[in-house]
Amino acid sequence: MTTLDTVINKHDNGLGFSTFSNHQNQIWRGSLDCIAFEKNAIKDKLLSLDKPCYIVRVADNIGVTNDGYFTPADNGLSAQVELLISLPPLRLQQFGDPNFLKVHAVQYAYMTGAMAGGIASEEMVIAVGKQKLLSSYGAGGLTPDRIETAINRIQEALPHGPYAFNLIHSPNQPAIEHSAVELYLKYQVRTVEVSAFLDLTPNIVYYRVAGLSLNANNQIEIKNKVIAKISRREVATKFLQPAPVRILKYLIQEGLITELQANLASQVPMADDITVEADSGGHTDNRPLVCLLPSIISLRDEIQAQYQYENPIRIGVAGGIGTPESALAAFMIGAAYIVTGSINQSCIESGACDYTKKLLAQAEMADMMMAPAADMFEMGVKLQVLKRGTMFPMRAQKLYELYRTYDSIEDIPLAEREKLEKQIFRKNIAEVWEGTAAYLSQKNPEKLVKAVNNPKLKMALIFRWYLGLSSRWSSAGEKGREVDYQIWCGPAMGGFNDWVRGSYLAEPQNRHVVDVAHHIMLGTAFLYRIQNLKVQGLQIPNNYSQYRPLRSTLEM
């Protein structure tokens, strides 16, 4: 049994305490046996997040316990245990906006974002949804038939949710965007994560407004929820405001919405949630999280003051979230929820091939670069990709430079054309165009007609053949094309790999998306507790402040 006398000779655990205290003249009562003074035992006490945390001083030795209680000091007694700090238990549900949990019926303010081409796969959405977390299916770039198959599979596995589907802006092919919306309305997909929008289109307004009605209490009911991923204030403004009148009039004329729905649309914003996208993989403006998030939160508050929505829009954050430290930083500067992306691509459930997952697991933070985007190639839009282990970003940039320099394929010097055929296309240009023309004749005959009469457009389509296939090669694991894999990735991947180095999560075959989510949230709560203790005066060595994934949460 531990006594005050036995505590006096405890070895140094490195803990100290500042002179100020919020618990002056308070003491802790309980068994001294439950106070930890040894380093490993202290760490275990700090990690017991579901229990209160008491920092006490016994005979000039500082210890940690999760048990006992505190009372006012009794000046008539000696040999008392001084209470330095007390913290309540922590629940992971405390982080973020509780309305996000309520509206989406999830247990944490944590979401896995869409990665196009089905990289954010059915397996990922289902695995995450079964743990009552929100995941968005990567529908971008997929055919309507493929999206329909995914809807049926996910709805069968998650009949009551939660899940979301991505709607990516397609400025060059609005019919693709429209067909996705038609599917979402047909199958009553109630949450859509929209991305890459530069402006509102009739398609996204149609989805939003078609789900508006009045309930029995004459209140507006929003059946179709929108999570809008943005990185610019001007785009955020469009989703923070009600739908434009001109688009509503058009939808009424087309018989797609009713007059009542149009009137209701003037009273609600276009989005329920805004995901502020910082330095992410894929389409990104490389914005710093600590600058962008406060700016959009401030913008939200301005627009909320103007429109007085009954349910204010929640502002979450994506891009750069790959460790508990980055997650805590996001929550502390006001994020209603966090969204992970790049790190999930290396998990077992992602639609990427094993070779790609291996490359991602080896990536460091400096192993990313910007490269031309296939879907917005002519506009000069770029996306962030992995450069380690692949030549894609350099080759894609070469194609864009040729596009900017010349007006047609024929204008490109013969030596350069031969390099394209030998090194990048691995077939002659005529064959590339033949395959492209065959595809367009089925999918977009109008564009084929334009390309035949527009050499510059024809050249862009030939180059987009490579840009479009390179991401599919990465997902399918195309043999012999490894050097051309287009792998969307942000620096969060490197941060995650640094964090898990030396742990079981260092190997991609051990990475389950739900396990990663739990560890990030557990680490966030632990780090919050540590920072809280520091703010209240505890001087604590760094080795206590580190959260590492020691074993799978799926086994706990």
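Bear in mind that the values here come from a model prediction, so they are computed numbers and not experimental data.
- In this structure, Gln306 places its CD atom where more than 12 heavy-atom neighbours from other residues, nucleotides or ligands lie under 6.0 Å away.
- For an aromatic pair to be called close, the ring centres must be under 6.0 Å apart, and Phe463 with Tyr403 fails this.
- Using a 4.5 Å cut-off on side-chain heavy atoms (C-beta onward), Gln362 and Asn497 make no contact.
- A donor-acceptor pair is defined here as one N or O able to donate and one able to accept, closer than 3.5 Å; no such pair exists between the side chain of Thr436 and the backbone of Ile462.
- Arg314 has its side chain within reach of His104: a pair of non-hydrogen atoms, C-beta onward, lies under 4.5 Å apart.
- Taking the side chain as every heavy atom from C-beta outward, Leu248 and Val205 approach each other to under 4.5 Å.
- Look at Glu378 and Lys456 and you find no salt bridge, because none of the NZ, NE, NH1 or NH2 atoms lies under 4.0 Å from a carboxylate O.
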- Task: Give the intermediate values and the outcome of side-chain contact (heavy atoms from CB on, under 4.5 Å) for residues Met459 and Asp411.
- Result: CA-CA 10 Å; Met459 177 171 56; Asp411 289 344; over 6 Å; no
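- Between Trp465 and Phe425, the ring planes lie perpendicular to each other; the angle is over 60°, past the 30° to 60° tilted range.
- Of the inter-residue distances, the one linking His178 atom NE2 with Leu183 atom CG reads 10.0 Å to the nearest 0.5 angstrom.
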Exercise for review: Give the intermediate values and the outcome of side-chain contact (heavy atoms from CB on, under 4.5 Å) for residues Ile154 and Phe165.
Suggested key: CA-CA 10 Å; Ile154 290 171; Phe165 273 74; 3.6 Å; yes
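- Listed for the Lys458 side chain is no donor-acceptor partner under 3.5 Å among the backbone atoms of Ser408.
- No more than 12 heavy atoms of other residues, nucleotides or ligands shown are found within 6.0 angstrom of OH on Tyr250.
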Q.
Show, in sequence, the C-alpha distance, side-chain angles and deciding distance for Ile321 and Val339, and conclude whether the side-chain contact (heavy atoms from CB on, under 4.5 Å) test is met.
A. CA-CA 7 Å; Ile321 307 298; Val339 182; over 6 Å; no
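- Within the 4.5 Å cutoff, the side chain of Phe197 has no heavy atoms near those of the Ile230 side chain.
- Remark: the Tyr184 side chain and the Asn224 side chain contain no N/O donor-acceptor pair separated by less than 3.5 Å.
- Contact detail for Gly113 and Ala120: the closest heavy-atom pair is O-CB, 3.8 Å.
- Contact annotation: the side chain of Ile227 approaches that of Met111 to within less than 4.5 Å [non-hydrogen atoms, C-beta and beyond].
- Using a distance-only test at 3.5 Å, with no hydrogens or angles considered, no donor-acceptor pair links the side chain of Asn510 to the main chain of Leu505.
- Under the 4.5 Å side-chain criterion, counting only non-hydrogen atoms from C-beta, Ser135 is in contact with Met124.
- Ile168 and Gly140 get closest at one heavy-atom pair: CG2-CA, 3.6 Å.
- For Ser471, there are no side-chain hydrogen bond (donor to acceptor under 3.5 Å, both in side chains) partners, not counting sequence neighbours.
- Across every non-hydrogen atom of Leu251 and Pro202, the tightest pair is CD2-O, 4.0 Å.
- A salt bridge links Arg146 with Glu122: the closest approach of a Lys/Arg side-chain nitrogen to an acidic carboxylate oxygen falls below 4.0 angstrom.
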* **Pair Gln397-Lys382, side chain to side chain donor-acceptor pair (under 3.5 Å): steps then yes or no** => CA-CA 9 Å; Gln397 184 59 36; Lys382 294 187 175 184; 3.1 Å; yes
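- What you find for Tyr163 and Gln155 is that their closest heavy atoms are OH-NE2, 3.0 Å.
- Between the side chain of Thr275 and the backbone N or O of Ala318, no donor-acceptor pair lies under 3.5 Å.
- The backbone N or O of Pro413 sits nowhere less than 3.5 Å from a side-chain atom of Glu416 that would complete a donor-acceptor pair.
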Carefully, step by step, assess Ser231 and Arg287 under the rule side chain to side chain donor-acceptor pair (under 3.5 Å).
-> CA-CA 7 Å; Ser231 57; Arg287 300 286 191 245; 5.6 Å; no
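- The two residues Phe100 and Ala109 make their nearest non-hydrogen contact at CD2-CA, 3.9 Å.
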message = As a quick check of understanding, evaluate side-chain contact (heavy atoms from CB on, under 4.5 Å) for Ile487 and Leu359, giving each step before the final call.
response = CA-CA 9 Å; Ile487 304 170; Leu359 289 181; 3.9 Å; yes
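- Within the 4.5 Å cutoff, the side chain of Asn444 has no heavy atoms near those of the Tyr439 side chain.
- Within a 6.0 Å radius of CD in Gln442, no more than 12 heavy atoms belonging to other residues, nucleotides or ligands are found.
- With rounding to the nearest 0.5 angstrom, the CD atom of Glu364 is 6.5 Å from the CG atom of Asp498.
- Atom CD1 of Ile338 sits about 4.0 Å away from atom CZ of Phe331, to the nearest 0.5 Å.
- Taking a 6.0 Å sphere around CD of Glu302, one finds it holds more than 12 heavy atoms contributed by other residues, nucleotides or ligands.
- In the displayed structure, Lys419 atom NZ is contacted under 6.0 Å by at most 12 heavy atoms of other residues, nucleotides or ligands.
- The neighbour count for Arg417 CZ, taken as heavy atoms of other residues, nucleotides or ligands under 6.0 Å away, is above 12.
- Between Val181 and Ile204, the closest side-chain pair of non-hydrogen atoms is not below 4.5 Å.
- Atom CZ of Arg388 is surrounded by more than 12 heavy atoms from other residues, nucleotides or ligands within 6.0 Å.
- Here the closest heavy-atom approach between residue Ile313 and residue Pro269 is recorded as CD1-CB, 3.4 Å.
- Within 6.0 Å of the NZ atom in Lys225, the count of heavy atoms belonging to other residues, nucleotides or ligands exceeds 12.
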